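To keep things clear, I will list the structure first and then write my remarks on it.
Here is the naming used below: chain letters follow the sequence lines, and residue numbers restart at 1 for every chain. Computed from a predicted model, the values in this text were never measured in an experiment.
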Protein chains: 4
Amino acid sequence: MTHPRSPADPERRPLRADAQRNRARILAAAESVFAEKGPSASTEGVAARAGVAIGTVFRHFPTKNDLLTAIMKNLQQRLTDQADTLIADGDPATALFTFFTSLVERAAATRTVVDLLAQTGTEVRPDEPIQDLEQALRALLFQAQRADAIRPDIDVTDVVALATAACHGALSGGWDEDLRHRTLAIMFAGMRTTPDA
Amino acid sequence: MTHPRSPADPERRPLRADAQRNRARILAAAESVFAEKGPSASTEGVAARAGVAIGTVFRHFPTKNDLLTAIMKNLQQRLTDQADTLIADGDPATALFTFFTSLVERAAATRTVVDLLAQTGTEVRPDEPIQDLEQALRALLFQAQRADAIRPDIDVTDVVALATAACHGALSGGWDEDLRHRTLAIMFAGMRTTPDA
Amino acid sequence: MTHPRSPADPERRPLRADAQRNRARILAAAESVFAEKGPSASTEGVAARAGVAIGTVFRHFPTKNDLLTAIMKNLQQRLTDQADTLIADGDPATALFTFFTSLVERAAATRTVVDLLAQTGTEVRPDEPIQDLEQALRALLFQAQRADAIRPDIDVTDVVALATAACHGALSGGWDEDLRHRTLAIMFAGMRTTPDA
Amino acid sequence: MTHPRSPADPERRPLRADAQRNRARILAAAESVFAEKGPSASTEGVAARAGVAIGTVFRHFPTKNDLLTAIMKNLQQRLTDQADTLIADGDPATALFTFFTSLVERAAATRTVVDLLAQTGTEVRPDEPIQDLEQALRALLFQAQRADAIRPDIDVTDVVALATAACHGALSGGWDEDLRHRTLAIMFAGMRTTPDA
DNA sequence: TATGAATGAGGTTTCATTCAT
DNA sequence: CATGAATGAAACCTCATTCAT
C-alpha cells in the first residue's frame with residue numbers, strides 16, 4: 001500500500017556510522033541519568049555521561065522532550081519484544097503475570113517504564129503517543145482469559161492501570177523485593193478467576 | 001520566678017489574624033498549584049495565585065521544601081481526621097475500602113496525596129517524616145480483619161503500598177471515574193477473604 | 001503648631017523612658033552584630049539581638065545608614081572621653097601611644113572603630129561626618145611633641161592615617177596580640193625623636 | 001605510557017581562543033568593578049561591564065567566590081613577578097621599600113590587593129589559600145637585612161602586617177599621594193637600622 | 001510607640017537552547 | 001558532524017523599608 005508520507009515521520013536518513021553510535025550512547029546515558037535523578041535532570045549531565053558535548057545531544061534530539069520520547073520508544077520496543085516472546089513461548093495462563101511482574105521489576109530500576117505506561121491510551125506530555133505496548137498486553141490478557149486463568153470481565157485498560165499503579169508505587173515508595181511480591185500477589189489474586197485456594 | 005517570655009522562643013506564637021489568613025491562602029494556593037503542575041512549579045506562581053508578594057510566601061515558609069512539607073502536614077491532618085471518623089462510625093468491614101477509595105479519589109484531584117503516602121515508613125524528601133497516616137490505616141485494617149472481611153495475612157505495609165500505587169496511577173494515568181472503580185475493585189477483590197461471590 | 005521644624009534637627013524630643021531604653025539596647029546590639037559580621041549584617045539580626053521588633057529599629061533609625069552613623073557617634077564619644085582623661089592624667093610623652101594602642105586593641109574587638117577612623121577628615125559614606133576624634137588626637141600629639149617624644153614634622157593626619165591602617169590591619173588580618181605589639185612598636189619607633197636606644 | 005586523555009579530566013583544557021578572551025575580559029571587568037564598589041558588587045554588574053551575558057560569567061567562574069579567588073590569583077601573579085624582578089635587579093637595601101610602596105600605591109587603585117594581603121598566613125574566605133606573596137616578601141626582607149638596611153629583629157609577618165595595614169588604610173581612608181608618602185616614611189623609619197640621620 | 005507582616009527590587013545560580021569554531 | 005562557549009529567562013531566596021494592627 002502506498003499511502004502518502006505521513007507528516008510525522010521522523011526517521012529516513014541513513015545516519016553515518018559514528019553518528020549512529022553517538023545516538024545510541026546518548027540514549028543509553030539518558031536512560032540511566034533520568035532513571036537516577038528523574039526527568040528534571042539536566043541535559044548537560046546526560047551529555048557528560050554519554051561522553052559527548054552538549055551540542056551533540058541537541059543535534060540528535062532537538063529538544064529535551066524529544067530525548068525523553070526517544071527513550072520511551074526505545075524502551076517500548078524492548079518491552080513489546082519481550083511480550084512477543086512470552087506470547088509465543090510462555091504458559092498461556094501465567095504469561096501475563098510474568099510480563100506484569102517483569103514490568104514492575106524493571107520500574108524499580110528504571111523510572112522511565114512508569115512514564116511509558118502512564119501514556120498508554122492517554123494524551124501525552126512528551127510530544128508523541130505510544131500505543132504498541134497496550135497491544136502486547138491485550139494479547140497476553142486475551143490468552144490468559146482463553147485459558148480461563150483471568151476473570152473475563154477484566155479489560156486491558158484495567159491491566160494497564162494496575163501496571164501503571166504498581167510501577168509508580170514500586171518506584172516512589174522504594175519498595176523492596178518482598179513488598180513488591182506481596183503487592184503484586186494481591187493484585188493477581190484480584191484478577192484471577194479462582195480464589196487462591 | 002516567671003520571667004517574661006525569653007526573646008528566643010521560636011515555636012508557638014499565635015499569628016496575627018491577617019497573617020493567619022495569608023498563611024491559609026498561601027497553603028491553599030500552593031496545594032492547587034502543585035496539584036496542577038507538580039512540585040517543580042515555581043514559588044512565584046504560588047504567590048501570584050495567593051495574591052501576595054513573593055516575600056510573603058518566604059516569610060511563612062522559608063524554603064520551598066518547607067512549603068511542600070506544610071501542605072502535606074495539612075493534608076495529612078484532614079485525612080487522619082476522616083479516618084478517625086470512619087473508625088468510630090463506619091461499617092467495620094468496609095471502612096477501610098471506603099477510606100482507601102476516598103484517598104484515591106482525592107489523589108485524582110491533588111497530586112500531593114501521593115507524595116504523602118509515598119513517605120509513610122520511608123526516608124523523607126521534604127524535611128520531616130510523617131507517620132500518623134500509617135497508624136490510621138493500621139487501625140482500619142485491624143478492624144476489617146477482626147470483622148473477617150480482609151485476609152489475615154495482609155499487612156499495613158501492603159495496604160500502604162497498594163494505596164500509594166493506586167494514587168500514583170490515578171494521578172499520572174489520568175484515570176476517569178469508571179477506571180478508578182474497576183481498578184480498585186480488583187485490588188479489593190485481592191484483599192478480601194471471600195471471593196467476590 | 002508653633003515654629004516649623006527645621007529640616008536638619010534630629011534631637012529635640014524628650015524620648016519616653018522606655019523609648020530611650022530601646023534606643024540604647026538597639027545601639028548596643030547593632031554594635032556587637034556589626035562587629036561580628038560586618039556592616040552587611042541584616043537589620044533583622046540587630047532587632048533580634050536587641051530583643052525588639054524590626055519596626056522599632058526603623059522607628060529609631062529610619063535607615064540602616066542612620067544606624068551605622070549612630071553607632072559611630074556613640075563610639076566616638078567614648079573614645080574622646082578616654083582621650084580627654086589621658087590628656088589630663090597621663091604621661092605627656094606616652095599618652096598618645098597609650099591611646100593609639102587602645103584604639104587598635106578595640107578595633108581587634110570591634111570592627112566599627114576602623115570605619116570611624118576612616119572617616120576623620122574625609123568624605124563620608126554614612127551620612128554625617130565626624131571630626132572630634134581628630135581633635136583629641138591632635139591634642140595628644142601636640143603634648144607629646146612638646147615633651148619632645150615625637151618628631152616635630154609629624155602631623156595629625158599622619159597619626160590618623162597610621163591608626164586607621166593599624167586598626168584595619170588588626171581587624172582584617174586577624175592579628176594576634178603579639179603581632180599587634182610588634183607592628184605598633186615599629187610604627188612608634190618611626191614616630192619617635194630618638195632611636196630605640 | 002601515553003594513553004589518550006581520559007574524558008573526565010577537569011583541569012588543563014586549553015580554552016578556545018574566544019573563550020580565553022572572554023575570561024580575560026571578565027576578570028578585568030571584575031577587578032575594576034570590585035575595586036570600585038567592593039566585593040559586594042553584583043555579578044550582573046561585572047557581566048555588564050565585560051559586555052557578556054550573566055551566564056557567561058558563571059560558566060567561567062561557577063561561583064562568585066570563584067571569581068573573587070581568580071582575581072586574587074591573577075593579581076598575586078603580577079605582584080610576585082614584580083617582586084622577582086626587584087630581587088634580581090634592584091638595590092638590595094631598598095628593594096623591599098620599593099616593593100612595599102608599589103603595593104600600597106596599587107591598593108589605592110585596586111581594593112583587591114588588600115584582601116590578598118590579608119590572607120597571607122591566615123584562614124581564607126575565598127576558597128583557596130594564597131601564600132606565594134609571603135615568600136616574595138620574605139626574600140626581599142632577607143636581602144635587606146643582609147645589607148644591614150633593616151633591623152634584624154623584624155620578621156616577615158611584621159612586614160606583611162604593616163603592608164596589610166597600609167593598604168587597607170590607603171584604600172579606606174582615601175589617602176592622597178602626599179599622605180601615602182608620609183605614612184610609609186614613618187613605617188620605614190621604624191624598620192630601618194639607622195635613625196633617619 | 002511597638003509590633004511584625006507585607007512588599008518587591010535585586011542577587012546568585014541553573015539550564016535549555018543557539019551558534020561560532 | 002561534533003564541539004563547547006554564549007545566551008538569557010527563570011528559579012530560589014534575602015533584606016531594607018513600609019504600614020496595618
Side-chain angles (χ1 to χ4, degrees), chain A residues 15-20 22-23 40-48 51-67, chain B residues 13 15-23 26 40-47 50-67, chain C residues 15-16 18-19 22-23 40-48 51-67, chain D residues 13 15-23 26 40-47 50-67:
Chain A
L15 288 179
R16 264 169 33 182
D18 56 342
Q20 192 71 270
N22 270 346
R23 203 191 125 95
S40 68
S42 89
T43 313
E44 288 264 354
V46 172
V52 302
I54 179 70
T56 305
V57 175
F58 276 89
R59 161 165 285 269
H60 284 281
F61 309 96
T63 279
K64 190 182 183 176
N65 207 25
D66 293 340
L67 178 54
Chain B
R13 193 195 320 275
L15 282 183
R16 244 164 46 181
D18 56 343
Q20 194 71 269
R21 212 164 33 243
N22 268 345
R23 202 193 125 95
I26 291 168
S40 69
S42 90
T43 310
E44 293 258 349
V46 171
V52 302
I54 179 67
T56 304
V57 175
F58 278 92
R59 159 169 277 267
H60 285 281
F61 309 96
T63 281
K64 189 180 184 175
N65 206 25
D66 292 340
L67 180 53
Chain C
L15 287 179
R16 267 169 31 184
D18 56 342
N22 269 346
R23 203 192 125 94
S40 68
S42 88
T43 312
E44 288 264 354
V46 171
V52 301
I54 180 69
T56 306
V57 174
F58 276 89
R59 162 165 284 270
H60 284 281
F61 309 95
T63 281
K64 189 181 185 179
N65 208 25
D66 292 339
L67 179 53
Chain D
R13 194 196 318 276
L15 284 182
R16 245 164 47 180
D18 56 343
Q20 194 71 270
R21 214 165 32 244
N22 267 345
R23 202 192 126 95
I26 291 169
S40 69
S42 90
T43 311
E44 293 257 350
V46 171
V52 302
I54 180 68
T56 304
V57 174
F58 279 90
R59 160 168 276 266
H60 285 282
F61 308 97
T63 280
K64 188 179 184 177
N65 206 25
D66 292 340
L67 179 53

Exercise for review: Using Watson-Crick or G-U wobble pairs with both distances under 3.5 Å, give me DNA chain E in dot-bracket, 5' to 3', with [ ] for crossers and | for pairs to another strand.
Suggested key: .||||||||||||||||||||
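Minimum heavy-atom separation, B:Phe61 to B:Ile26: CE1-CG2, 3.7 Å. Heavy-atom minimum distance, C:Thr43 versus C:Phe58: CG2-CE1, 3.6 Å. B:Ile54 approaches B:Ala47 most closely through the heavy-atom pair CA-CB, 3.9 Å.
In this structure, CD1 of B:Ile26 is placed 12 Å from C1' of E:dT7, rounded to the nearest angstrom. Atoms CG (D:Leu67) and P (E:dG11) sit 15 Å apart, rounded to a whole Å. E:dT18 atom C1' lies 13 Å from atom CZ of D:Arg59, rounded to whole Å. Atom CG in C:Asp18 sits about 14 Å away from atom C1' in E:dT3, given to the nearest Å.
Within the 4.0 Å cut-off from OP1 or OP2 of E:dA5, not a single side-chain nitrogen or oxygen of B:Asn22 is found. Contact annotation: C:His60 side-chain N/O to E:dT1 OP1/OP2 distance is not under 4.0 Å.
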Study note, to complete from the structure: Readout for nucleotides 8-14 of chain F: B = base within 4.0 Å of protein heavy atom, S = sugar-phosphate only, - = neither; 5' to 3' it is BB-SSBB
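Of the inter-residue distances, the one linking D:His60 atom NE2 with D:Asn22 atom CG reads 5.0 Å to the nearest 0.5 angstrom. Interatomic distance, CZ of A:Arg23 versus CZ of A:Arg59, reported as 13.5 Å (0.5 Å rounding).
The closest donor-acceptor contact from the side chain of B:Ser42 to the backbone of B:Gly45 lies under 3.5 Å.
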